[in-house]
Amino acid sequence: MIVLSAFRYRIYPKLEQEERLNRSLLSLCHLYNDLKAEEMRRYREERKSTPLTRFRRLALDARKQNDELETIYSQVVQNVGDRIDGAFKNFFEGRARFPKWKKPHRHNSLTYPQSGFKLNPTKGLLLSGLGYVRIFVHRPLLGRVRRLTIKREVGEWYAVFITERDASNKSPLEDIPIEKVRGADIGLDKFVTLDDATSTEYPEFLRTYEGKLRHIQHHFNHKVKSSKRRHELGRWLAMLHMHVKRQREDFQNKLVHQVFTANDVLVLEKLNVSGMLRNHTLARAISDASWSRFARRAVLKAESLGKHTVFVDPWGTTQFCRNCLQWVPKDLSDREHSCSNCGEMIPRDVNSALLIKRLGILRSPPSDGGSSLAEQGPLPSLREMVGPSVEAGSRRS
Ligand SMILES: [Zn+2]
C-alpha cells in the first residue's frame, strides 16, 4: 500500500525573497479569481464547465501577458488551474461549497507540482525563480517527493513536501498478539486511559489556552468590521491559534508515537455526532474536538509506521462490566466500576478501555489488511454482545 506523508519544515527566506514570495502569492490570487470568473462566464454563456486542460492553458496564457506572473515558475502558475478545477469538482460532486473569491490575505500558499525545486543538504532549498532559501530540516525527509507547497503562516514561511512511501509490509491484524493491542478510553479529566491502566492527562496549559481563545474570539466577533481594534485582535487571534495548534500537535504526536512504539494496534471509540450533541457542555465539546483530532493523528501515524488503528462503537462502553458484561449503570461522578455480579472492582476508565479493547479484538480483519476508516465495515458493538433486554435502560454518559 502506498501512503502519502507530509513533511513540513520552516524556511527562512531573505528579505527580498520574502517580498518576491508575497508578490507571487498576490498575483496568483488574482489569477485564481480570474480563472473562477472565466468558469462562471463560460457556464453562464455556453452552459459548459471548463476542463482542467483549458484551465491550465488559460493560466499559462495569463503568465505570458503578466510581468509578475512571468517571473514565477511555470508549473506553479499552472497549478492554480489545478486548484480552481479541484474547487469546482468538489462543488459539483457535493463535497464542498461553491468556491469563494480568494482574498489576498487568505491566499497563503503556492505549489510546485513536480519540479522546480531541489533540497541541498548544505545550501538549502533551491526554488526556481527564487534561488536558495535557508531551511531547517528538523527531521529526515522520507520517501519519494511528489510535490512541494510553500506556505505563509502569520508571517512565517514553511515548505511542505508530500512524499510517497510503500507501507505494505505491515502485519495482518489476525497475526498480532493480544498484548500488542491497546484499548483507549476518552475522558474528561484524563485525556486518555489505556487498558493497561496507564493514563495521560490533557495538558493544563492547552485547556487554559483553548478557553482563552474562545474568549478572544467572542470579543473579536463583536467588534465593528474593519475597525482598527478588530484588526489588532484578529492578528493576535491568528498568532494564538497557531501557537495552540502547534502545542496540541506536539502533545498528540508524542502520545501517539509513544503508543505505537510499544504496541501494534490501537482501538478507539468512533465518536458519533448525535452523542456529542446530547452532551452539550463546553468541556465536553473541547474534549470531543481534541479527541477527534487525536483519532485522525493516530490513523495517519499508524499508516506511516505500518501499524493499525481500529474503531469500535462507543455505545455502552461506560456502562457494562468488562468481565461479565453485566449492566453496571454509573453517572459521571462515579469514578469506580464495581460489579455486583462478578465482583470486579476497577477504575471506570480502565473498565471502559478494557471493553473497547475487547470489542476491537472481535473485529474481523478486512481482507486487504488495511485499517483506514473507509475500509472498515460495520463497527463492532456491545449491542450485539449484551442482547436486547438491557438496551432500554442503558445510556452512555
Ligand atoms: Zn462483572
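The figures here come from the full heavy-atom set of this structure, side chains too, leaving out hydrogens, waters and symmetry mates. The structure presented is a predicted model; accordingly, all values stated were derived computationally and were not measured. Counting starts at 1 for both ligands and their atoms, following the listed order.
- For Arg8 and Phe161, the positive end is not near the middle of the six-membered ring at less than 6.0 Å and at most 45° from its axis.
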Please walk me through it: do Arg248 and Tyr202 pass side-chain contact (heavy atoms from CB on, under 4.5 Å)?
-> CA-CA 10 Å; Arg248 197 193 292 127; Tyr202 195 65; 3.9 Å; yes
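- For residues 36-61, no pair satisfies ring-ring contact (aromatic ring centres under 6.0 Å, His included), with sequence neighbours left out.
- For the pair Lys301 and Phe260, the cation does not sit on the ring face, since its NZ or CZ is not both under 6.0 Å from the ring centre and inside 45° of the axis.
- Within the protein, the N, O or S atoms sitting under 2.8 Å from the Zn ion (ligand 1) are Cys321 SG, Cys324 SG, Cys339 SG, Cys342 SG.
- Taking the side chain as every heavy atom from C-beta outward, Leu379 and Leu359 never approach each other to under 4.5 Å.
- Between Trp327 and Phe320, the ring-plane angle classifies as tilted under the 30° and 60° cut-offs.
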